[in-house]
Amino acid sequence: MASKRVPTSPYPDQKPGTSGLRKKVPVFRQPHYVQNFVQAIIDCIPDRKGATLVIGGDGRFFNEQVVQIALKIAAANGFGRVLVGQNGLLSTPAASCVIRKHGAVGGIVLSASHNPGGPEGDFGIKFNGPNGGPAPESVTAAIFERTKTIGDYRISDAPDLDLGRLGTSEIDGMTVEVIDPVADYAELMRTLFDFEALGKMFASGFRMRFDALSAVTGPYAKAILEGALGAAPGTVVNGEPKPDFGGHHPDPNPVHAHELFDLMHGPDAPDFGAASDGDGDRNMIVAPGLFVTPSDSLAILAAHAHRAPGYAGGLAGVARSMPTSRAVDRVAAALKIEAFETPTGWKFFGNLLDAGRITLCGEESAGTGSNHVREKDGLWAVLLWLNILAATAKPAQDLVRAHWAEYGRDYYTRHDYEEIDSAAANRLMEGLRAKIGSLPGTRIGGLTVEAADDFRYVDPVDGSVTDAQGVRVTFAEDARIVYRLSGTGTAGATLRVYIERYEAAPDRLEQPVAEVLAPVVAVARELADIERLTGRAEPSVVT
């Protein structure tokens, strides 16, 4: 079939956020909307003639239609080969794995991550570069500039392909390989973890529950946990990916994954509980009777990573996003390795990983990863936890408590004020920035401000500067508050307030989180004048 040029007009709202372009499904279904953005991405890929591209997504509503569009635009723009997951599926970490393994020039990854799906839900498109990671700001800025001037797009007239059948076909001379979305990823996991030891642990009666939340990780978890490792059938629940995630909100936290959370706090709790999100890059870890915060999980994984074969040589360094608690910093200090603080967004870890400065990294929003790919990786984090449990022969809850006893505990919570008026949210942040210079030394609600700033990041690898990444306020009482606006929502603005307090006294390590943090929460609300400016007396979600 012949390719054609289709005249189009720019849309003004196609600026990528923290991780690609995310909007409601009806926005993406506007005429030419998807085609414009995909063409803009491709126009910003140099040396694409004859190159390999990866395409896939999390299976949410509209995923398969966009995969077909992207395939036809890729064919019309001279790519030599496209690898696409069966039925259009590829978890985000698996897409990174496939890009890296097969030497692709990059990948078009379709996901809105942990945001809800369905006809009125969210959708997203992002570009990952040849290192397998999200495109850096220089590339996303170029894509946005291209969307402003686009006048046509090139697309093949070919009929839709059968994405359910593994194998090779062609579109206008471009080879399309429909691949098993799990195979390359599972092979990589075998190189990192001791599958034999994990199999023995499950054979000995170890029980776990993995909730895939009817999202993309289900097939991966079934193949690896129940298949390769021999976990009991039914270990993976909600394991079939569904376009609306089966009505689940695919964000692995105690609110949205409450069935798992309740099970792990009940009388017949299995030995370990975990969940992943819409596109498979986030994780939730729950020990019997004990929720493990993502910040603590990162620190514990850093302290014990050497127990897994893939990390037996130790860690080059670690990194965390700025709002993530400082727990991993304490581990890095003990290990005498570098610890970096970056803006929110996985792309900021990419340079550090590529330069060999870090091995593990993570975000408070349930994302953890390593140098095996260039994305956060939910199932990888679960497998590393399992490997540590097998190597130490300690129950998960004991491992957490031993960590607190050695390093102290960073009590932590995040308050999300979702879909608030954007103008009000901006006024709140502007007000905080105006106060920064006068805050140090002041006393608020029994806490003394030690320092305050608007986080500015200078990349230690390439020297690039990223400004205005969130207001940080630290207190002499070993507490910290961070305020920032999220870049992952699709409606209004989301204000995130991160609150933490460090305790090291042995008798203060198992206090109720809300009780320890109550004074800091009160200061956070007062300092930013949240209720008056947003009209919200309470956050939408507390995690």
Side-chain angles (χ1 to χ4, degrees), residues 16-20 41 44-45 51-58 83 85 90-111 113 124-140 143 181 184-185 187-189 191-192 216-217 220 276-277 279-283 298 301 305 310-311 315-321 324 340 342-363 365-381 383-384 457 459-462 464 466 488:
T18 303
S19 195
I41 290 174
C44 294
I45 302 175
T52 296
L53 184 70
V54 172
I55 299 176
D58 61 16
L83 304 176
L90 274 177
S91 76
T92 292
S96 182
C97 168
V98 172
I99 291 168
R100 292 168 63 81
K101 177 179 177 178
H102 295 277
V105 73
I108 294 175
V109 182
L110 310 177
S111 173
S113 189
I125 304 176
K126 71 173 181 175
F127 176 66
N128 281 27
N131 73 342
E137 289 189 316
S138 59
V139 174
T140 57
I143 292 169
D184 288 334
Y185 178 86
E187 178 185 292
L188 178 59
M189 294 303 105
T191 70
L192 300 174
V216 77
T217 315
Y220 296 82
S276 192
D277 72 326
D279 67 333
D281 63 359
R282 298 176 188 236
N283 69 90
L298 173 62
L301 294 182
Y311 308 96
L315 307 179
V318 295
R320 62 171 174 85
S321 65
T324 302
F340 297 91
T342 73
T344 295
W346 207 258
K347 57 193 172 187
F348 292 104
F349 295 133
N351 276 357
L352 296 168
L353 289 164
D354 287 345
R357 299 285 292 272
I358 63 171
T359 308
L360 259 61
C361 45
E363 298 177 334
S365 54
T368 326
S370 85
N371 58 355
H372 70 291
V373 291
R374 293 298 182 268
E375 289 277 6
K376 45 187 175 274
D377 189 346
L379 186 53
W380 165 89
L383 291 170
L384 182 49
Y457 180 65
D459 191 297
V461 178
D462 64 16
S464 59
T466 306
T488 60

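A quick note: this is a predicted structure, and the numbers were derived from the prediction, not measured.
Glu187 meets the salt bridge (Lys or Arg N to Asp or Glu O under 4.0 Å) test with Lys101; sequence neighbours excluded. Residues meeting the salt bridge (Lys or Arg N to Asp or Glu O under 4.0 Å) test with Arg357, sequence neighbours left out: Glu338.
Note that NZ of Lys126 and CD1 of Ile108 are 13.0 Å apart. Values are rounded to the nearest 0.5 Å. Rounding to the nearest 0.5 angstrom, the gap separating the OG atom in Ser321 from the NZ atom in Lys376 is 9.0 Å. The distance from the CG atom of Leu384 to the CE atom of Met189 is 10.5 Å, given to the nearest 0.5 Å. Within the model, atoms CG of Leu352 and CD1 of Ile358 stand 4.5 Å from one another, a figure rounded to the nearest 0.5 Å. Interatomic distance, Phe348 CZ to Ser464 OG, rounded to the nearest 0.5 Å: 7.5 Å. Atoms CG and CD1, on Leu90 and Ile99 in that order, are 9.0 Å from each other to the nearest 0.5 Å.
The shortest non-hydrogen separation linking Leu353 to Ser370 is CD2-C, 4.0 Å. What you find for Ala135 and Thr140 is that their closest heavy atoms are O-CG2, 3.8 Å. Annotation for Leu53 and Gly106: closest pair CD1-O, 3.5 Å, computed over non-hydrogen atoms. Tyr220 and Ala94 get closest at one heavy-atom pair: OH-CB, 3.4 Å. The minimum heavy-atom distance linking Cys97 with Leu188 is given by the pair SG-CD2, 4.0 Å. Residues Val105 and Phe127 share a closest heavy-atom pair of O-CZ, 4.0 Å.
Counting only N and O atoms by type, the side chains of Asp58 and Thr92 include no donor and acceptor under 3.5 Å apart. Side-chain N/O atoms of Asn283 and Thr368 include a donor and acceptor closer than 3.5 Å.
Pro93 has its side chain out of reach of Trp380: every pair of non-hydrogen atoms, C-beta onward, lies at least 4.5 Å apart. You'll find the side chain of Asp377 reaches within 4.5 Å of the side chain of Tyr185, heavy atoms only. You'll find the side chain of Val54 stays beyond 4.5 Å of the side chain of His102, heavy atoms only.
Arg100 places a side-chain N or O within 3.5 Å of a backbone atom of Asn131 that can act as its donor or acceptor partner. Distance alone, capped at 3.5 Å, places no donor-acceptor pair between the Asn351 side chain and the Ala355 backbone. Although no hydrogens or angles enter the test, the distance criterion places no donor-acceptor pair under 3.5 Å between the side chain of Asp279 and the main chain of Ser111. In this structure a side-chain-to-backbone donor-acceptor pair under 3.5 Å is present from Ser276 to Arg282. A donor-acceptor pair under 3.5 Å is absent between the side-chain atoms of Glu363 and the main chain of Thr324, judged by distance alone. At least one donor-acceptor pair closer than 3.5 Å links the side chain of Ser96 to the backbone N or O of Gly132.
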Query - Tyr311/Thr359 under side chain to side chain donor-acceptor pair (under 3.5 Å): CA gap, chis, key distance, verdict - result: CA-CA 9 Å; Tyr311 308 96; Thr359 308; over 6 Å; no
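Residue Asn128 forms a side chain to side chain donor-acceptor pair (under 3.5 Å) with just one option from Arg374, Glu375, Lys347, and that option is Glu375.
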